[in-house]
Amino acid sequence: MFNRFKIYFKEMFPIANFLGGLLLAISFLLLLHKFHGKTFHFDQVTILCALSTMFFILLIRLMDEFKDYEDDLVNYPDRPLPSGRVKLEDIRVLYYIVIAILIGLHITVPKLAIAGLVVFIFSLLMLKWFFMEKAIRASLPLALLSHHPIVYLYIGYIYVAYTMIDPGHNINSLLYGIPLAFTYTSWEISRKIRKPEHEDSYTTYSMVWGSKRAPGIAVLCHYVTAVGFAHYYYTMKFPLWWTIGYLLGHIIISIPYFQFIKSFKISPNADIKRPLRVYSEYSMLWAKAALIISYFL
């Protein structure tokens, strides 16, 4: 079983995914500390929040294995679970291990446990398709509308952790969680965009919205993040060169989207079936890295 766990994590939730969850929590906590003029410390609440955010994201990944198993047998037969290299029982064991870890992390912090329970209940509703499986499966935009709010619950969860550190917080700072959440919106759309000749039975946003409109919506989400944090840097009176450099980075990262919209051609090394996913991940990393670095400016 241990070897099958290794296969699963290597292919479906590698170290970059673990780091992504940690960076989501740390980057937003650093923003909140900077906004309120507080000194950041790796205290118990901070570490607990970061680890829990990471495990909540892993929990969703494991839930998706149960939800999408039948579809993956057709659309992604080479993945660990559909290919038989990992068993459903392995996923079930990992699922309960993660739940046990989350309970253990929250057992001594009742206030954060309540926020964690809200995230967990919403995650369970996602697993059950909000008891509207037929309707949601038939509509990718409805799936986005119903499932994507989990990202905002992560942001809210992290904010609750911050309020335990700083009881005198300004609620307006929570608004800066919106551009951070939009990095995940852009990623969610980008990973389901294909060139016309690569469309198949798997429903994508390019199939639903069109091969030009879908990447246009994804890049619009990308720019919501760019403008949102540019506003933060301007409000906090960061050096002009920093804000301009930050925006320039986002503009450069977005270029492949316009190349795709124009001709459906980008780097020959891109994933054939998900050619824009990597650029959405660059955007996500750029936004988080900038928040982390800016704390020290």
Side-chain angles (χ1 to χ4, degrees), residues 16-17 19-35 49-50 52-61 64 115-116 118-123 125-126 130 140-163 169-193 205 214-233 235-236 246-247 249-250 253-254 257 276-277 279-292 294-295:
N17 295 64
L19 291 176
L22 293 173
L23 290 177
L24 171 61
I26 297 300
S27 61
F28 191 44
L29 284 171
L30 284 171
L31 179 152
L32 294 169
H33 279 78
K34 187 77 170 182
F35 184 90
C49 173
S52 296
T53 302
M54 178 187 73
F55 281 113
F56 276 128
I57 293 174
L58 173 57
L59 188 66
I60 292 296
R61 175 63 262 171
D64 283 347
V118 172
V119 175
F120 180 68
I121 290 174
F122 193 90
S123 300
L125 289 173
M126 292 171 61
F130 297 91
L140 190 57
L142 180 58
L144 178 67
L145 186 63
S146 61
H147 286 54
H148 197 60
I150 188 65
V151 178
Y152 291 91
L153 291 182
Y154 294 152
I155 295 296
Y157 173 84
I158 298 165
Y159 190 81
V160 170
Y162 178 77
T163 66
H169 58 279
N170 182 344
I171 190 67
N172 290 333
S173 59
L174 180 58
L175 294 174
Y176 287 115
I178 295 175
L180 191 54
F182 263 84
T183 63
Y184 287 84
T185 310
S186 179
W187 175 82
E188 175 61 26
I189 296 173
S190 297
R191 74 188 185 94
K192 294 181 180 179
I193 292 176
Y205 289 104
I217 294 172
V219 81
L220 179 62
C221 294
H222 172 92
Y223 284 133
V224 169
T225 298
V227 173
F229 285 136
H231 179 273
Y232 163 71
Y233 295 131
T235 301
M236 295 297 294
Y246 172 74
L247 287 172
H250 270 295
I253 293 171
S254 70
Y257 284 86
L276 293 174
R277 174 176 176 167
Y279 300 101
S280 66
E281 291 171 349
Y282 289 159
S283 172
M284 191 181 295
L285 181 60
W286 176 248
K288 292 176 181 176
L291 288 178
I292 293 171
S294 66
Y295 171 80

Engineer: Grab the two heavy atoms, one from Ile57 and one from Gly21, that are nearest each other, plus how far apart they are.
Structural biologist: CD1-CA, 3.7 Å
Engineer: side-chain contact (heavy atoms from CB on, under 4.5 Å) for Cys221 and Trp187? Distances and angles first, verdict last.
Structural biologist: CA-CA 9 Å; Cys221 294; Trp187 175 82; over 6 Å; no
Engineer: Do Val227 and Pro179 touch side chain to side chain, with heavy atoms closer than 4.5 Å?
Structural biologist: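 Side chain of Val227 against side chain of Pro179, heavy atoms only: no contact under 4.5 Å found.
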Engineer: State, yes or no, whether a side-chain contact exists between Tyr176 and Thr235 at a heavy-atom distance under 4.5 Å.
Structural biologist: yes
Engineer: Does the side chain of Met284 come within less than 4.5 Å of Thr225's, by heavy atoms?
Structural biologist: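 Not touching, per the 4.5 Å side-chain cut-off.
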Engineer: Tell me every residue that passes ring-ring contact (aromatic ring centres under 6.0 Å, His included) with Tyr157, counting only those two or more places apart in sequence or in another chain.
Structural biologist: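 Listed in chain order: Phe56, His106.
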Engineer: Who passes side chain to side chain contact (heavy atoms under 4.5 Å, CB included) against Asp64, sequence neighbours left out?
Structural biologist: Ile60, Arg61, Lys67, Asp68
Engineer: Tell me if the OH atom of Tyr282 is crowded by more than 12 foreign heavy atoms within 6.0 Å.
Structural biologist: no
Engineer: Kindly compute the distance separating OG (Ser186) from CZ (Arg191), expressed to the nearest 0.5 Å.
Structural biologist: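 With rounding to 0.5 Å, OG (Ser186) is 12.0 Å from CZ (Arg191).
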Engineer: For residues 22-35, which side-chain donor-acceptor pairs fall under 3.5 Å, sequence neighbours excluded?
Structural biologist:
{"unit_1": "Ser27", "atom_1": "OG", "unit_2": "Leu23", "atom_2": "O", "d": "2.6"}
{"unit_1": "Ser27", "atom_1": "OG", "unit_2": "Leu24", "atom_2": "O", "d": "3.2"}
{"unit_1": "His33", "atom_1": "ND1", "unit_2": "Leu29", "atom_2": "O", "d": "2.7"}
{"unit_1": "Lys34", "atom_1": "NZ", "unit_2": "Tyr295", "atom_2": "O", "d": "3.1"}
{"unit_1": "Lys34", "atom_1": "NZ", "unit_2": "Leu297", "atom_2": "O", "d": "2.6"}

Engineer: Looking only at heavy atoms, what is the nearest atom pair of His222 and His250, with distance?
Structural biologist: NE2-O, 2.8 Å
Engineer: Rounded to the nearest 0.5 Å, how far apart are CZ of Phe130 and CG of Leu145?
Structural biologist: 9.5 Å
Engineer: Could you check whether any side-chain heavy atom of Tyr279 comes within less than 4.5 Å of a side-chain heavy atom of Ser190, counting everything from C-beta outward?
Structural biologist: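 SC-SC contact between Tyr279 and Ser190 ruled out.
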Engineer: Can you list the steps and then say if Thr183 with Trp286 is a side-chain contact (heavy atoms from CB on, under 4.5 Å)?
Structural biologist: CA-CA 10 Å; Thr183 63; Trp286 176 248; over 6 Å; no
Engineer: Enter the distance from Phe182:CZ to Ile178:CD1 here, rounded to the nearest 0.5 Å.
Structural biologist: 7.5 Å
Engineer: Which heavy atom of Ile155 sits nearest a heavy atom of Gly177, and at what distance?
Structural biologist: CG2-CA, 3.7 Å
Engineer: Can you give me the closest heavy-atom contact between Ile150 and Ser123, atom names plus distance?
Structural biologist: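 Where Ile150 meets Ser123 most closely, the heavy atoms are CD1-OG, 3.7 Å.
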Engineer: Restricting to non-hydrogen atoms, name the atom on Ile193 and the atom on Ala218 that form the minimum distance, rounded to 0.1 Å.
Structural biologist: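 It is CD1-CB, 4.3 Å.
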Engineer: Calculate, to the nearest 0.5 Å, the distance between atoms OG and OH belonging to Ser294 and Tyr232 respectively.
Structural biologist: 5.0 Å
Engineer: Excluding sequence neighbours, so at least two apart, what forms salt bridge (charged side-chain N to carboxylate O under 4.0 Å, His left out) with Glu281?
Structural biologist: Arg277
Engineer: Examine distances only and state if a side-chain atom of His147 and a backbone atom of Ala143 form a donor-acceptor pair shorter than 3.5 Å.
Structural biologist: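 Confirmed, His147 side chain pairs with Ala143 backbone.
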Engineer: First locate atom CG of Asn170, then atom CG of Leu175, and finally report the distance between them rounded to the nearest 0.5 Å.
Structural biologist: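 Going from CG on Asn170 over to CG on Leu175, the span is 9.0 Å.
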Engineer: To the nearest 0.5 Å, what is the distance between NZ (Lys288) and CZ (Phe229)?
Structural biologist: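 Rounded to the nearest 0.5 Å, the NZ-CZ separation comes out at 10.5 Å.
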Engineer: Could you list the residues that satisfy ring-ring contact (aromatic ring centres under 6.0 Å, His included) with His169, not counting sequence neighbours?
Structural biologist: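 His169 satisfies ring-ring contact (aromatic ring centres under 6.0 Å, His included) with Tyr159 only.
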Engineer: Is the shortest heavy-atom distance from the side chain of Tyr152 to the side chain of Leu180 under 4.5 Å?
Structural biologist: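 No. Closest side-chain heavy atoms not under 4.5 Å.
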Engineer: Which heavy atom of Ser254 sits nearest a heavy atom of Val219, and at what distance?
Structural biologist: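 Closest approach of Ser254 to Val219: CB-CG2, 3.7 Å.
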Engineer: Who passes ring-ring contact (aromatic ring centres under 6.0 Å, His included) against Tyr154, sequence neighbours left out?
Structural biologist: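 Scan of Tyr154 (ring-ring contact (aromatic ring centres under 6.0 Å, His included), adjacent residues dropped) gives none.
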